[in-house]
Amino acid sequence: GTFTNLAILSIGAGFGVGEYGIWNKATFNSNGGSQLTINRSTDAAIENLGTFTNLTTINLGTIASIGTYGVRNYLTFNNNAGSAINVDRSTDAAINNEVGGTFNNLTSIVVGANQNIGQYGVWNSAIFNNSGSITVNRSSVYGLWNYLGTFTNTSAINIGNAQFGLYNNAIFNNNAGGAITIDRSSEAGLYNYGTGNFINLATVSIGGTIGVGNYGIRNLSMFNNNAGTMTVNGSLNSGIYNDNGTFTNIAAINIGSTSGVGSYGLRNRN
């Protein structure tokens with residue numbers, strides 16, 4: 001079936017609603033002019049196994065816990081122009097794009113603005129395309145974890161308050177127009193690990209406002225700075241630590257231009 005919302009849809013405002021606020025295995029349209037608010041689910045506020053298209057503002061976890069996930073997507077999720085997704089009070093991940101899923105963000109995603117969101121702000125295991133904006137705060141471990149899939153960014157990503165700001169274990173493309181800003185991590189701003197391949201063609205700014213822990217960038221895999229400008233400040237140990245990885249730079253990197261970066265500006269170990 002097809003469910004189209006054109007008005008006010010409030011789920012879990014007063015009492016628990018079970019595992020899911022919305023469980024979609026068909027077509028769900030949250031159209032412009034409508035409102036969608038979900039609280040008091042136990043597993044996920046939105047569990048999508050179909051096609052979910054959002055053209056309005058979705059507020060998840062504004063007054064009570066929404067369980068493990070804010071949005072968990074297994075198939076196709078479109079957050080289109082003019083819309084927004086705001087997530088608080090998840091216990092594991094605010095946004096989880098699972099294997100087989102495609103998540104297209106053309107506008108605004110804000111997670112952890114007011115309350116904790118668990119280990120992961122955004123957890124991608126498939127295809128994630130960001131041409132809108134993503135803001136992540138208050139995750140306990142990973143602000144953005146690109147685990148198995150391909151994450152392609154052509155716009156703004158702002159990450160703060162995590163152990164690792166951006167943790168990449170797959171393919172991450174920061175393409176033209178991309179602007180990644182990371183502050184307030186406790187271990188590393190950008191951690192590239194395992195089978196990770198981070199490809200930068202735009203702007204990356206780490207530690208420009210608040211320190212990012214031991215490392216601005218720690219690379220243990222493949223890192224390619226092909227165009228644009230990378231700026232690293234505010235680390236305790238190393239601005240950039242190439243730790244048995246392959247780091248290729250043919251563009252601009254500024255280290256320690258506004259604040260200290262610890263014992264090493266650039267540390268290479270192979």
Side-chain angles (χ1 to χ4, degrees), residues 1-7 9 11 17-38 41 43-61 66-87 90 92-111 117-118 120-136 142-157 166 168-175 177-178:
T2 299
F3 189 105
T4 301
N5 181 39
L6 293 164
L9 180 56
I11 299 173
V17 294
E19 288 186 82
Y20 310 110
I22 293 174
W23 188 88
N24 178 51
K25 202 176 181 181
T27 301
F28 193 105
N29 301 310
S30 188
N31 283 2
S34 64
Q35 299 176 31
L36 175 57
T37 303
I38 302 174
S41 50
D43 190 15
I46 298 174
E47 178 97 348
N48 182 52
L49 297 94
T51 299
F52 195 109
T53 301
N54 180 43
L55 290 162
T56 187
T57 298
I58 296 176
N59 293 312
L60 309 177
I66 47 175
T68 309
Y69 305 99
V71 176
R72 183 163 57 179
N73 177 54
Y74 287 93
L75 196 55
T76 303
F77 198 106
N78 301 306
N79 191 37
N80 286 348
S83 61
I85 299 175
N86 303 307
V87 185
S90 53
D92 193 44
I95 305 290
N96 177 210
N97 190 40
E98 281 282 2
V99 174
T102 298
F103 200 112
N104 299 307
N105 178 45
L106 281 72
T107 182
S108 172
I109 295 175
V110 177
V111 302
I117 49 175
Y120 313 94
V122 176
W123 173 6
N124 179 52
S125 296
I127 297 172
F128 201 113
N129 301 307
N130 178 51
S131 58
S133 67
I134 297 174
T135 301
V136 179
Y142 308 104
L144 192 161
W145 187 27
N146 190 39
Y147 175 52
L148 293 172
T150 299
F151 196 108
T152 301
N153 178 50
T154 57
S155 190
I157 297 176
L166 195 162
N168 183 51
N169 197 47
I171 298 171
F172 196 106
N173 300 304
N174 189 37
N175 288 348

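Only a predicted model underlies this, so the values are computations on that prediction, with no experimental measurement involved.
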Task: From CA spacing to verdict: side-chain contact (heavy atoms from CB on, under 4.5 Å), I22, L36 - done: CA-CA 10 Å; I22 293 174; L36 175 57; 3.9 Å; yes
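- Taking 4.5 Å as the limit, some side-chain heavy atom of F151 sits within range of a side-chain heavy atom of I157.
- Rounding to the nearest 0.5 Å gives a distance of 4.5 Å between CG of D43 and OG1 of T68.
- Using the six-membered ring where Trp is involved, Y20 and W23 have ring planes that are tilted, between 30° and 60° apart.
- Taking all atoms of both residues into account, the shortest heavy-atom contact from G21 to S41 is N-CB, 3.7 Å.
- Of the possible polar contacts, one joining the S155 side chain to the G132 backbone as a donor-acceptor pair under 3.5 Å is found.
- The line from CG of L144 to CZ of F128 is 7.5 Å long, rounded to the nearest 0.5 Å.
- At least one side-chain heavy atom of N31 sits under 4.5 Å from a side-chain heavy atom of L55.
- Looking at heavy atoms from C-beta onward, L166 lies in side-chain contact with F172 at the 4.5 angstrom threshold.
- Side-chain atoms of T150 and N173, non-hydrogen and from C-beta on, do get closer than 4.5 Å to each other.
- Nearest heavy-atom pair across F77 and I85 is CE2-CD1, 3.6 Å.
- For Y74, the OH atom is densely surrounded, since the number of other residues' heavy atoms within 6.0 Å is greater than 12.
- Pairing each heavy atom of S90 with each of I117, the nearest pair is OG-O, 2.8 Å.
- In this structure, R72 CZ and N48 CG are separated by 11.5 Å, a value rounded to the nearest 0.5 Å.
- The CG atom of N29 sits 10.0 Å away from the CZ atom of F3 when rounded to the nearest 0.5 Å.
- When side chains are defined from C-beta on, I66 counts as touching V87, because their heavy atoms get closer than 4.5 Å.
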Open item on the list: Evaluate N78 against L106 for side-chain contact (heavy atoms from CB on, under 4.5 Å), listing each step before the verdict.
Closed with: CA-CA 8 Å; N78 301 306; L106 281 72; 6.0 Å; no
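- Remark: N168 CG to N174 CG distance equals 11.0 Å, nearest 0.5 Å.
- At a threshold of 4.5 Å between non-hydrogen side-chain atoms, the residues F103 and V71 count as touching.
- Considering every non-hydrogen atom in both A126 and N124, the closest pair reads N-OD1, 3.2 Å.
- Using a 4.5 Å cut-off on side-chain heavy atoms (C-beta onward), I46 and I58 make contact.
- Among all heavy-atom pairs drawn from A170 and Y147, the shortest one is CB-O, 3.7 Å.
- Between W123 and Y69, the ring planes are tilted. Angles from 30° to 60° get that label.
- To the nearest 0.5 Å, atom CZ of residue F28 and atom OG1 of residue T53 are 10.5 Å apart.
- Taking both residues in full, the closest heavy atoms of S30 and T56 are given as OG-CG2, 3.0 Å, listed atom of the first, atom of the second, then distance.
- In this structure, N79 contributes its side chain and S108 its backbone to a donor-acceptor pair below 3.5 Å.
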